[in-house]
There are 2 protein chains.
Amino acid sequence: MIEMLWEQPIRDLSIASIMDGTGLSRPAFYQYFPNVHGLVEQLLADLEVELVAAAMPWFTAVGDSRAALRDSLRGIIAVCIENGPVFRAISESAPLDARLELAWTEFMGRWDDSVSERIALEQKAGAIGPLNGVAIAVALNRLDASTLIAEFGRRPQGDPEAVLDSLYHIWIKALYTKPIQGFEGLPS
Amino acid sequence: MIEMLWEQPIRDLSIASIMDGTGLSRPAFYQYFPNVHGLVEQLLADLEVELVAAAMPWFTAVGDSRAALRDSLRGIIAVCIENGPVFRAISESAPLDARLELAWTEFMGRWDDSVSERIALEQKAGAIGPLNGVAIAVALNRLDASTLIAEFGRRPQGDPEAVLDSLYHIWIKALYTKPIQGFEGLPS
DNA sequence: CATTCTACTGACTTGCTGTCAGCACGTCGG
DNA sequence: CCGACGTGCTGACAGCAAGTCAGTAGAATG
């Protein structure tokens with residue numbers, strides 16, 4: 001199935017077409033998964049392990065963590081180059097099933113928690129200024145997810161270096177840049 | 001249908017349930033739209049008009065445009081507070097139909113073009129530094145779309161002021177902040 | 001009043017999902 | 001060696017929503 005996702009979006013896959021490649025009959029599918037969304041949920045769990053591993057550098061960095069942030073983003077991008085269509089299929093399927101939607105929400109929530117926590121840590125150390133860490137974390141994670149899926153979720157894939165530069169730029173500026181006189185606190 | 005989207009996700013709507021509220025039969029639906037995705041495509045066209053109008057301030061600002069950027073974001077947020085579930089339904093449906101997916105891609109592409117153009121303009125005026133305007137524009141637009149849909153696409157909706165602050169923070173930092181010595185050009 | 005047009009409907013076909021009784025085959029106690 | 005049981009799988013069935021179509025009722029037209 002994963003191979004098929006490189007060739008066609010998940011909307012074009014039926015259980016029959018998935019099972020065609022296995023030599024088994026369609027009902028055999030239900031011996032292993034309750035439905036297609038159950039299979040996708042499994043793919044998400046597998047992908048999460050890889051992504052978390054790739055993101056370690058920044059979460060565990062000591063001292064100046066900006067280089068580690070770049071390493072983490074590079075690692076995540078590498079995982080997405082290998083698994084982009086799977087990532088895309090998951091995000092496209094999530095809204096179609098309540099249970100899968102919950103799994104996706106929790107998946108994103110764990111990233112939000114991890115990033116928020118890291119921001120709080122660096123704020124305590126003085127490396128990051130007094131911003132709303134949770135809200136910024138949520139926004140940056142959504143940025144990453146949609147960018148990665150859009151750039152690597154189908155062929156032709158985007159340019160890894162350009163994506164890395166863009167994401168890194170935004171993360172660095174949003175988190176590590178000190179307020180500049182006159183740029184903040186504009187009247188609303 | 002729009003009213004129903006406040007109560008339930010679009011996956012739970014069938015053509016039959018949509019037509020139930022109209023007093024007409026199910027086949028009558030096909031007199032007006034080729035299928036549900038055709039209806040959603042129309043919703044997207046309508047929403048785009050509202051969003052573009054709300055975003056005008058920044059695109060037309062002269063001189064220091066940072067306050068105008070805040071106004072544009074506030075306007076877009078206001079539109080999403082009124083139409084969040086519609087926006088969400090569109091983005092959730094887009095992957096399910098090739099034609100609607102194209103409409104969505106073009107919709108996002110027009111935002112990317114407008115924002116890229118504005119960035120180039122401000123770079124020429126010296127307000128924005130030498131960054132990859134197109135790539136940053138694409139990333140920021142995806143950030144906005146996913147954040148707005150997540151925060152306002154269902155009840156309970158998020159806090160407009162908090163969302164405004166977060167988005168504004170990221171846009172301002174990513175675009176208008178000058179490079180800081182030692183923060184850029186880290187070894188990769 | 002006769003004719004045409006238009007909006008609409010009941011009934012049908014199609015395609016995919018999910019279920020279930022049953023079959024082939026391997027395994028194990030006697 | 002044999003009969004009972006488990007397991008993995010399948011063909012066939014039922015359900016459901018989408019999309020199609022011939023046909024109808026009522027308004028518009030001459």
Side-chain angles (χ1 to χ4, degrees), chain A residues 1-47 85-105 153-154, chain B residues 1-47 85-105 153-154:
Chain A
M1 175 197 186
I2 292 174
E3 287 163 18
M4 298 173 86
L5 289 175
W6 283 94
E7 308 300 330
Q8 53 194 319
I10 195 169
R11 67 167 171 268
D12 291 338
L13 295 190
S14 64
I15 292 180
S17 69
I18 293 170
M19 296 306 286
D20 271 353
T22 67
L24 295 181
S25 68
R26 195 175 59 76
F29 176 90
Y30 297 94
Q31 296 245 325
Y32 303 93
F33 305 100
N35 50 41
V36 192
H37 304 309
L39 192 169
V40 174
E41 199 175 335
Q42 184 59 54
L43 294 178
L44 173 58
D46 296 345
L47 188 59
V86 174
F87 202 11
R88 178 183 164 208
I90 296 166
S91 76
E92 289 180 353
S93 300
L96 306 183
D97 180 76
R99 185 185 157 96
L100 183 57
E101 187 174 51
L102 179 64
W104 174 260
T105 303
R154 78 195 73 192
Chain B
M1 175 198 187
I2 292 175
E3 287 163 18
M4 299 173 84
L5 288 175
W6 283 94
E7 307 302 329
Q8 53 194 317
I10 194 167
R11 66 166 170 267
D12 291 337
L13 294 191
S14 63
I15 292 180
S17 69
I18 292 171
M19 296 306 286
D20 272 352
T22 68
L24 296 181
S25 69
R26 196 174 58 76
F29 177 90
Y30 296 96
Q31 295 245 323
Y32 303 93
F33 304 100
N35 50 41
V36 192
H37 304 308
L39 192 170
V40 175
E41 199 174 335
Q42 183 60 53
L43 294 178
L44 173 58
D46 296 345
L47 188 60
V86 174
F87 202 11
R88 178 184 164 207
I90 296 166
S91 76
E92 288 181 354
S93 299
L96 305 184
D97 179 75
R99 185 186 158 95
L100 183 58
E101 188 174 49
L102 179 64
W104 174 259
T105 303
R154 79 195 71 193

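Chain A is the first sequence line, chain B the second, and so forth, proteins listed ahead of strands; every chain is numbered from 1. This is a predicted model, so every value here is computed, not measured.
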Salt bridge (charged side-chain N to carboxylate O under 4.0 Å, His left out) pairs touching residues 27-45 of chain A, sequence neighbours excluded, are A/E41-A/R99

Residues passing the side chain to side chain contact (heavy atoms under 4.5 Å, CB included) test with B/L102, sequence neighbours excluded, are B/E106

By side chain to side chain contact (heavy atoms under 4.5 Å, CB included), B/L24 pairs with (sequence neighbours left out) B/M19, B/T22, B/A28

Collect all protein-nucleotide pairs involving nucleotides 22-25 of chain C in which both atoms are nitrogen or oxygen and the distance is under 3.5 Å.
none

Sorted by chain and residue number, the side chain to side chain donor-acceptor pair (under 3.5 Å) partners of A/Q42 (sequence neighbours excluded) come out as A/D46

Per-nucleotide protein contact along nucleotides 10-23 of chain D, 5' to 3', at a 4.0 Å heavy-atom cut-off (B base, S sugar-phosphate only, - neither), is BB-----SBBBB--

- Remember a base hit wins even if backbone is also touched, and classify A/F33 as base, sugar-phosphate or nothing at under 4.0 Å, heavy atoms. nothing

Hits for ring-ring contact (aromatic ring centres under 6.0 Å, His included) against B/F33, two or more places apart or cross-chain, chain-then-number order -> B/F29

Taken in chain and number order and not counting sequence neighbours, the residues that satisfy side chain to side chain donor-acceptor pair (under 3.5 Å) with B/E7 are none

Rounded to the nearest 0.5 angstrom, the CD-OG distance for B/E92 and A/S91 is 11.0 Å

Contact check, residues 89-102 of chain A vs DNA chain D, heavy-atom distance under 4.0 Å, returns none

Smallest heavy-atom separation, B/L43 atom then B/I90 atom, equals C-CD1, 4.0 Å

Residues passing the side chain to side chain contact (heavy atoms under 4.5 Å, CB included) test with A/P9, sequence neighbours excluded, are A/R11, A/D12, A/R88

Axis-to-axis angle across the helix from C/dC1-D/dG30 to C/dG30-D/dC1, five pairs each end, nearest 10 degrees, ~ 10°

Output for pair (A/M4 CE, A/L13 CG), nearest 0.5 Å, gives 5.0 Å

Here the side-chain hydrogen bond (donor to acceptor under 3.5 Å, both in side chains) pairs for residues 25-39 of chain B, sequence neighbours left out, are none

Shortest non-hydrogen pair, B/V86 vs B/L5, comes out as CA-CD1, 4.2 Å

